[in-house]
K.L.:
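Structure in structure tokens, see below.
Atoms considered below: every heavy atom in the structure, side chains included; atoms not considered: hydrogens, waters and symmetry mates.
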Amino acid sequence: MEFHTLAYRKTGKVVAQLEANRARIMEAARELIVEGGFAAASVVAVARKAGIATGTIYRYFPSREALLLEVFRAVSDREMSRLEEIAAGPGRPGERLRKVAEAFVGRAVRSARQAHALLAEPLDGTVAAERLAFRRRHAAIFERLIREAVAAGDIPSMNARVTASAITGAIPSALTLYGPDDVPSADALVDAVLRMAGLDPDADKTPLTEDLSHDQSA
């Protein structure tokens, strides 16, 4: 006698529920990270905030590190994708460089605790490696824009890679050196970045405090 095992196929409703649960877990972890850094996002705390049993988390993520890695990737990819979109948009290279600096710094200052966790909190393993990839992607955006701006005559000739690396290192340091409760103003930090890139920070300047009041997205 032969027995045939029927493969279980998840219905669209089941798949949607699984995806919703996974998204809820990741959002709960992200909120805890914003409130208290990665250290606050224990499995127990995430489960409590998401309103699920602790064991349920392991159905979606094999470990706490895997969960935190996915949250870090999701947040950092969203931020970098926004910057890449701005960098590839219309306008002269110098204008786009300014807009990228304003976008990144403005959002980081508004979400200082999240920025501190993503940029400066001590991390181990794969999450730390992902942070390095994030910073290299950030540097690559500035490097391309600096090369374009030099070629277009918007800024003086300079070593694009070195300058981009310096900017990418300076922004996290300025944002996190004294902790999330003592960050510089967005305008002051953008001015410093633009000067490093050879741009006049006072040319066609719109105060970030005014501009950001119209952008309340997280």
K.L.:
Determine whether R107 and V109 make a side-chain contact, defined as any pair of heavy atoms from C-beta on separated by less than 4.5 Å.
P.N.:
no
K.L.:
If the threshold is 4.0 Å, N to carboxylate O, is there a salt bridge linking R30 and E27?
P.N.:
yes
K.L.:
Assigning hydrophobic clusters by single linkage (Ile, Leu, Val, Met, Phe, Trp, Tyr; side-chain heavy-atom cutoff under 4.5 Å), is L145 placed with V162?
P.N.:
no
K.L.:
Is V44 isolated, or which residues cluster with it under the ILVMFWY side-chain rule of less than 4.5 Å, directly or via members?
P.N.:
none
K.L.:
Of all heavy-atom pairs between R131 and L118, which one has the smallest distance, and what is that distance?
P.N.:
NE-O, 2.8 Å
K.L.:
Determine the sole option in I167, L119, I171 for which the side chain to side chain contact (heavy atoms under 4.5 Å, CB included) test with H138 is passed.
P.N.:
I171
K.L.:
Is there a side chain to side chain contact (heavy atoms under 4.5 Å, CB included) between I57 and V46 once you walk through the steps?
P.N.:
CA-CA 8 Å; I57 289 181; V46 172; 3.7 Å; yes
K.L.:
Report the C-alpha separation of R137 and S81 in whole Å, then their side-chain angles, then the decisive distance to 0.1 Å, and conclude whether the side chain to side chain contact (heavy atoms under 4.5 Å, CB included) test is met.
P.N.:
CA-CA 10 Å; R137 185 176 173 186; S81 293; 3.4 Å; yes
K.L.:
For the pair E148 and R92, find out whether any cationic side-chain nitrogen is under 4.0 Å from an anionic carboxylate oxygen.
P.N.:
no
K.L.:
So, applying side chain to side chain contact (heavy atoms under 4.5 Å, CB included) with R113, which one of I33, V183, D181 is it?
P.N.:
D181
K.L.:
Please tell me whether L177 and V193 are part of a single hydrophobic cluster in this structure, the criterion being side-chain heavy atoms less than 4.5 Å apart.
P.N.:
no
K.L.:
Could you tell me which non-hydrogen atom of A149 sits nearest to which non-hydrogen atom of G94, and how far apart they are?
P.N.:
CB-N, 4.2 Å
K.L.:
Is E95 salt-bridged to K99, cutoff N-O under 4.0 Å?
P.N.:
no
K.L.:
Begin from the C-alpha positions of N159 and R161 and carry the test side chain to side chain contact (heavy atoms under 4.5 Å, CB included) through to its verdict.
P.N.:
CA-CA 6 Å; N159 187 312; R161 187 171 193 181; 3.7 Å; yes
K.L.:
Please check if the side chain of S111 supplies one atom and the backbone of Q114 the other of a donor-acceptor pair under 3.5 Å.
P.N.:
no
K.L.:
L67 and M26: which non-hydrogen atoms are nearest, and at how many Å?
P.N.:
CD1-CG, 4.3 Å
K.L.:
For residues Y60 and L18, determine if any side-chain heavy atom of one lies less than 4.5 Å from a side-chain heavy atom of the other.
P.N.:
yes
K.L.:
Just wondering, more than 12 heavy atoms not from E85 lying within 6.0 Å of its CD?
P.N.:
no
K.L.:
Yes or no on side chain to side chain contact (heavy atoms under 4.5 Å, CB included) for I52 and R24, after CA distance, side-chain angles and deciding distance?
P.N.:
CA-CA 10 Å; I52 60 176; R24 187 162 75 249; 3.4 Å; yes
K.L.:
Indicate the atoms forming the closest heavy-atom contact of G37 with A117, along with that distance.
P.N.:
CA-CB, 4.1 Å
K.L.:
Whether E35 and K49 form a salt bridge (side-chain N of Lys/Arg under 4.0 Å from carboxylate O of Asp/Glu) is what I want to check.
P.N.:
yes
K.L.:
Without swapping roles, check the side chain of S42 against the backbone of A45 for a donor-acceptor pair under 3.5 Å.
P.N.:
yes
K.L.:
In this structure, would F104 and V34 fall into the same cluster of hydrophobic residues linked by side-chain contacts under 4.5 Å?
P.N.:
no
K.L.:
Please report the shortest heavy-atom distance between V100 and I86, naming the atom on each side.
P.N.:
CG2-CG2, 3.8 Å
K.L.:
Considering non-hydrogen atoms only, spot the tightest contact between P180 and H116 and give its length.
P.N.:
CD-CD2, 3.7 Å
K.L.:
Taking side-chain hydrogen bond (donor to acceptor under 3.5 Å, both in side chains) as the definition, give me every residue that meets it alongside R135, ordered by chain and number, with sequence neighbours left out.
P.N.:
none
